[in-house]
K.L.:
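The structure that follows is given in the form of structure tokens.
No experiment lies behind these values; they were computed from the predicted model shown. We number each residue from 1, following the sequence as shown.
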Amino acid sequence: MSARYRIAEAAVLLGVSDDTVRRWIDSGRLPASREGGGPAHVDGADLARLAAELHEAPEPGATRGSSARNRLAGIVTRVVRDTVMAQVEIQAGPFRLVSLMSREAADELGLEVGVRAVATVKATQVSVDVP
């Protein structure tokens, strides 16, 4: 079962306002559900698909200030596992990050499409944490 996100959480992960997420829900661009008249929730897999569609890679050479301790919150958009390794793709705002890790680590973290994750970048290594 995929994770579910409130509108405010979805907005943070997509890098847009709550109102934008509500408009996308109202227009049918982003499916949402309500249970028992409660607040709307967005399925993590649907959110991951939209995150991947929304953000193209930055122009080559375009950078923002950074440090070796960058932590980029995002949503898992793809996980490919084999018997030993896993390739995990995360969309963090306009940035797509790919991490290679042991399959065991990916399984222990419960990394699946639609799960919120934080990529910690230091030099050429990307570590993935689950909040």
Side-chain angles (χ1 to χ4, degrees):
M1 183 172 148
S2 184
R4 292 171 13 126
Y5 297 98
R6 295 186 324 260
I7 288 175
E9 293 172 318
V12 168
L13 292 169
L14 294 173
V16 299
S17 70
D18 295 8
D19 288 336
T20 297
V21 172
R22 285 187 194 91
R23 281 192 297 276
W24 287 340
I25 290 169
D26 291 345
S27 71
R29 183 174 188 188
L30 181 62
S33 61
R34 290 183 195 274
E35 292 180 11
H41 283 84
V42 177
D43 180 75
D46 292 329
L47 190 61
R49 277 190 291 279
L50 182 58
E53 289 173 16
L54 285 178
H55 297 291
E56 297 178 8
E59 291 294 321
T63 60
R64 296 183 183 184
S66 66
S67 74
R69 293 178 289 274
N70 285 324
R71 293 177 49 84
L72 302 162
I75 188 166
V76 175
T77 57
R78 185 170 184 236
V79 179
V80 179
R81 289 177 167 89
D82 67 18
T83 56
V84 177
M85 298 297 294
Q87 176 181 325
V88 179
E89 295 182 18
I90 297 172
Q91 191 70 43
F95 304 104
R96 179 179 158 268
L97 299 124
V98 179
S99 177
L100 299 176
M101 65 183 70
S102 70
R103 180 190 177 119
E104 181 181 8
D107 291 346
E108 285 178 6
L109 290 170
L111 296 175
E112 299 291 342
V113 171
V115 170
R116 184 185 343 209
V118 178
T120 304
V121 181
K122 177 155 177 91
T124 60
Q125 176 185 346
V126 176
S127 300
V128 177
D129 306 320
V130 176

K.L.:
Testing the basics here: between I90 and A119, what is the closest heavy-atom pair and its distance to 0.1 Å?
P.N.:
CD1-CB, 4.2 Å
K.L.:
Is it true that I25 and L54 fall in one hydrophobic cluster, defined by side-chain heavy atoms closer than 4.5 Å?
P.N.:
yes
K.L.:
Would you kindly confirm whether L100 and V84 end up in one hydrophobic cluster when ILVMFWY residues are joined by side chain heavy atoms under 4.5 Å apart?
P.N.:
yes
K.L.:
Would you compute the distance between atom CD of Q87 and atom CD of E89 and round it to the nearest 0.5 angstrom?
P.N.:
5.5 Å
K.L.:
Can you name the one residue among D43, L14, I75 that meets side-chain contact (heavy atoms from CB on, under 4.5 Å) with Y5?
P.N.:
I75
K.L.:
Got a list of side-chain donor-acceptor pairs under 3.5 Å for residues 108-118, not counting sequence neighbours?
P.N.:
| unit_1 | atom_1 | unit_2 | atom_2 | d |
| --- | --- | --- | --- | --- |
| E112 | OE2 | R81 | NH1 | 3.4 |
| R116 | NH2 | E9 | OE2 | 3.2 |

K.L.:
Please tabulate, one pair per line, all N/O donor-acceptor pairs under 3.5 Å involving side-chain atoms of residues 30-40, not counting sequence neighbours.
P.N.:
| unit_1 | atom_1 | unit_2 | atom_2 | d |
| --- | --- | --- | --- | --- |
| R34 | NH1 | G38 | O | 3.3 |
| E35 | OE2 | R4 | NH1 | 3.0 |

K.L.:
With side chains defined as the heavy atoms from C-beta onward, is the minimum distance between V42 and W24 less than 4.5 Å?
P.N.:
no
K.L.:
Return the NE2 to CG distance between H41 and L47, rounded to the nearest 0.5 Å.
P.N.:
12.5 Å
K.L.:
Please report the interatomic distance CZ(R96) to CG(L72), rounded to the nearest 0.5 Å.
P.N.:
14.0 Å
K.L.:
If we ignore hydrogens and angles and just use 3.5 Å, is the side chain of R103 paired with the main-chain N or O of D82 as donor and acceptor?
P.N.:
yes
K.L.:
Rounded to the nearest 0.5 Å, how far does OG1 of T20 lie from CZ of R23?
P.N.:
4.0 Å
K.L.:
Side-chain heavy atoms under 4.5 angstrom apart, residues restricted to Ile, Leu, Val, Met, Phe, Trp, Tyr: same cluster for V130 and V88?
P.N.:
yes
K.L.:
Looking only at heavy atoms, what is the nearest atom pair of A52 and T77, with distance?
P.N.:
CB-CG2, 4.3 Å
K.L.:
State the CD1-CG distance between I7 and D19, to the nearest 0.5 angstrom.
P.N.:
9.5 Å
